[in-house]
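Working notes, structure below.
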Amino acid sequence: MTTTASETEDRFAFATIRELGAMLRSGATTPTALADYFCNRLETVGRQHNAVVTITRERACAEAQIAERELAAGQDRGPLHGIPYGAKDLLATAGGIPTTWGAAPLRDQQFDRDAAAIERLRAAGAVLVGKLAMIELAGGFGYNQPDASFTGPCRNPWNRDAWTGGSSSGSGAAVAAGAVPFAIGSETWGSIMSPAGYCGIAGLRPTYGRVSRRGAMALCYTLDKLGPLCRTADDCGLVLAALAGYDPEDDTSLRTPYMYTPEHDRTHNFRVAVLADATDGTQPAVAANFAAALNVLREIGTIEEISLPDLPYNAVAETILRGEAASAFDSFIASGKAHELTAAADYGGGYAYAVTLAKDYVNALRLRRLIVRECNTLFTQYDAVVCPTMGVVASPLGMKFSDYFQTTVRRSPIGAAGNIAGLPSVSVLNGFGERGLPTGIQFVGVAGAENRILAVARTYQSRTEWHTKYPAV
């Protein structure tokens with residue numbers, strides 16, 4: 001069952017950042033009222049979907065009061081000023097707020113300083129209302145089931161018997177359920193795109209290095225990225241503008257400044273490419289919804305069919321991830337705490353990663369240089385390369401991924417290629433498939449071209465109404 005935002009009496013739950021900002025500046029609501037509303041929403045709807053680890057009510061109240069005083073005095077920090085949000089629980093938070101990394105043995109872990117992303121959102125006036133559930137250790141020990149989280153398997157707001165995607169599972173569920181206006185997730189290989197696609201929301205994986213990872217749990221040093229999950233592509237741009245920027249404490253962060261300027265972006269004459277095998281092995285509804293989306297894109301530009309260079313993307317990504325995860329979790333593996341993780345099937349994952357051969361890792365890095373070069377050469381010719389976000393809708397909670405995903409012929413290499421090369425991608429809702437679950441379309445761009453892919457996605461959304469739909473929570 002779906003409805004449109006105009007049909008609800010609830011003004012807040014499914015409003016965009018711009019809509020909430022307009023309410024704040026017109027006096028229709030206040031930052032403290034929004035903070036209280038979304039803390040309560042997390043307590044009820046958020047917990048019903050297993051999306052919440054910690055509700056930061058005391059901190060939210062303090063930050064909202066500051067925002068309220070500043071806005072009343074005419075001090076406006078920008079579009080996020082006074083807007084509540086949630087953060088994936090791998091981002092460090094000070095003040096006695098635990099940062100669990102989604103792992104039961106780390107329930108009480110605390111840090112004395114906020115992560116850079118949290119600091120930047122606070123500087124923009126955003127209000128932290130909760131730490132959100134995630135797959136334990138962001139899947140660092142592998143997982144083959146939705147319940148690899150001590151808060152329980154995150155339930156999809158469109159169908160509570162379905163998963164939300166991982167590892168940013170709580171971030172996807174919370175935004176889709178209207179429990180927060182936006183959330184911060186992380187992606188190493190699909191962990192923003194997956195919950196965005198499965199939950200029918202917008203998710204943005206920025207260019208590698210665009211957002212500082214200082215204070216974020218490391219899974220894979222050369223693949224990890226932080227990005228927003230929101231209601232629309234426009235919201236994603238607003239949040240990225242607050243997050244982006246060079247950080248001297250993260251030597252992988254980009255020095256190139258980022259500005260989100262939608263008013264200067266074009267809305268037509270886009271050059272779009274579609275992968276020739278984009279719908280091979282996808283569910284019928286995924287293919288049909290993608291074809292319909294291409295018809296919309298033909299109204300705003302040209303579409304050219306392309307193929308990715310024939311390279312071992314998935315194998316390279318897996319080898320890099322395994323080798324670097326073994327390093328990142330070396331002390332955790334040595335501690336023996338793996339046997340305290342929630343998913344018993346994952347106990348041995350870190351040990352398996354630890355036997356990755358050095359020669360295999362080095363060979364993967366050598367191939368990575370070729371992949372980066374080839375992808376940049378190809379993607380620079382287009383405003384966006386498009387494909388289905390996921391080949392299937394979200395899997396049932398009680399089924400192993402390997403059992404459900406075997407309905408597909410293959411795993412598309414675009415996710416591996418994009419993460420290996422550090423390319424930005426944005427996913428938005430483009431329809432619904434089996435069991436009433438969302439499908440998505442993603443727009444991938446050359447490194448540094450977030451604004452180009454956001455412009456295409458935003459224009460697509462302006463010509464469709466999918467983003468105005470939300471679940472009957």
Side-chain angles (χ1 to χ4, degrees), residues 1-17 19-20 23 29 33-55 57 60 83-88 129-134 146-147 149 151-166 168-185 194-203 228-232 235 393-398 427-440 465-473:
M1 176 181 177
T2 64
T3 184
T4 62
S6 62
E7 295 170 343
T8 183
E9 295 180 0
D10 195 321
R11 300 176 299 159
F12 301 150
F14 299 99
T16 67
I17 291 173
E19 289 168 343
L20 290 173
M23 293 181 203
T29 189
L34 285 183
D36 185 62
Y37 174 85
F38 282 107
C39 282
N40 292 338
R41 186 90 174 165
L42 283 172
E43 192 69 67
T44 54
V45 173
R47 292 203 187 279
Q48 289 166 11
H49 291 81
N50 295 334
V52 182
V53 179
T54 304
I55 297 173
R57 190 179 291 272
I83 305 295
Y85 76 98
K88 185 176 181 178
V129 293
K131 302 292 291 296
L132 302 177
M134 56 182 283
D147 64 355
S149 175
T151 49
C154 280
R155 296 181 176 273
N156 196 309
W158 295 96
N159 180 335
R160 285 170 48 82
D161 292 325
W163 190 43
T164 62
S168 306
S169 48
S171 297
V175 174
V180 288
F182 74 92
I184 305 304
S194 166
Y198 287 154
C199 293
I201 56 178
L229 290 123
C230 306
R231 301 222 59 78
T232 64
D235 281 358
V393 298
S395 61
L397 286 182
S427 171
V428 298
L429 175 65
N430 73 335
F432 297 88
E434 68 173 39
R435 306 184 344 266
L437 288 162
T439 65
E465 295 184 349
W466 297 117
H467 61 287
T468 68
K469 309 294 183 182
Y470 63 87
V473 178

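- For Arg435, the side-chain hydrogen bond (donor to acceptor under 3.5 Å, both in side chains) test picks out Tyr404, with sequence neighbours left out.
- In terms of the side chain to side chain contact (heavy atoms under 4.5 Å, CB included) criterion, residue partners of Pro84 (sequence neighbours excluded) are, by chain and number, Leu34, Phe38, Val129, Pro181.
- Atoms CD1 and CD, on Ile83 and Glu19 in that order, are 10.5 Å from each other to the nearest 0.5 Å.
- To the nearest 0.5 Å, atoms CG (Leu132) and CG (Leu42) are separated by 6.5 Å.
- Counting heavy atoms from C-beta on, the side chains of Trp466 and Thr439 never come closer than 4.5 Å.
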- Residue pair Ser171, Lys88: steps toward the side chain to side chain donor-acceptor pair (under 3.5 Å) verdict: CA-CA 6 Å; Ser171 297; Lys88 185 176 181 178; over 6 Å; no
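- Side chain of Asn156 to main chain of Trp163: a donor-acceptor pair is present (N/O by atom type, distance under 3.5 Å, no hydrogens or angles).
- The two atoms that bring Ala51 and Cys154 nearest to each other are CA-SG, 4.1 Å, heavy atoms only.
- The heavy-atom pair separating Cys199 from Pro438 by the smallest distance is C-CG, 3.8 Å.
- Distance alone, capped at 3.5 Å, places no donor-acceptor pair between the Asn159 side chain and the Leu437 backbone.
- Across every non-hydrogen atom of Phe432 and Leu429, the tightest pair is CZ-CD2, 4.0 Å.
- Residues meeting the side-chain hydrogen bond (donor to acceptor under 3.5 Å, both in side chains) test with Asn50, sequence neighbours left out: none.
- Scanning for side-chain hydrogen bond (donor to acceptor under 3.5 Å, both in side chains) contacts around Ser149 gives Thr151, with sequence neighbours left out.
- For the pair Pro195 and Gly166, the tightest heavy-atom approach, listed with the atom from each and the gap, is CD-O, 3.9 Å.
- Formation of a donor-acceptor pair under 3.5 Å by the Arg231 side chain with backbone atoms of Val175 is found in this model.
- The side-chain hydrogen bond (donor to acceptor under 3.5 Å, both in side chains) test applied to Glu43 returns Arg47, not counting sequence neighbours.
- Here the side chains of Trp158 and Tyr198 are not in contact, with every heavy-atom distance at 4.5 Å or above.
- Taking Asp36 as the reference, Arg57 meet the salt bridge (Lys or Arg N to Asp or Glu O under 4.0 Å) condition, with sequence neighbours excluded.
- Residues Ser168 and Gly185 approach most closely at OG-CA, 3.6 Å, considering heavy atoms.
- Of all non-hydrogen atoms in Val473 and Pro157, the two that sit nearest each other are CG2-CB, 4.3 Å.
- Side chain of Arg155 to main chain of Leu397: no donor-acceptor pair is present (N/O by atom type, distance under 3.5 Å, no hydrogens or angles).
- Distance OG1/Thr44 to NE2/His49: 10.0 Å, rounded to 0.5 Å.
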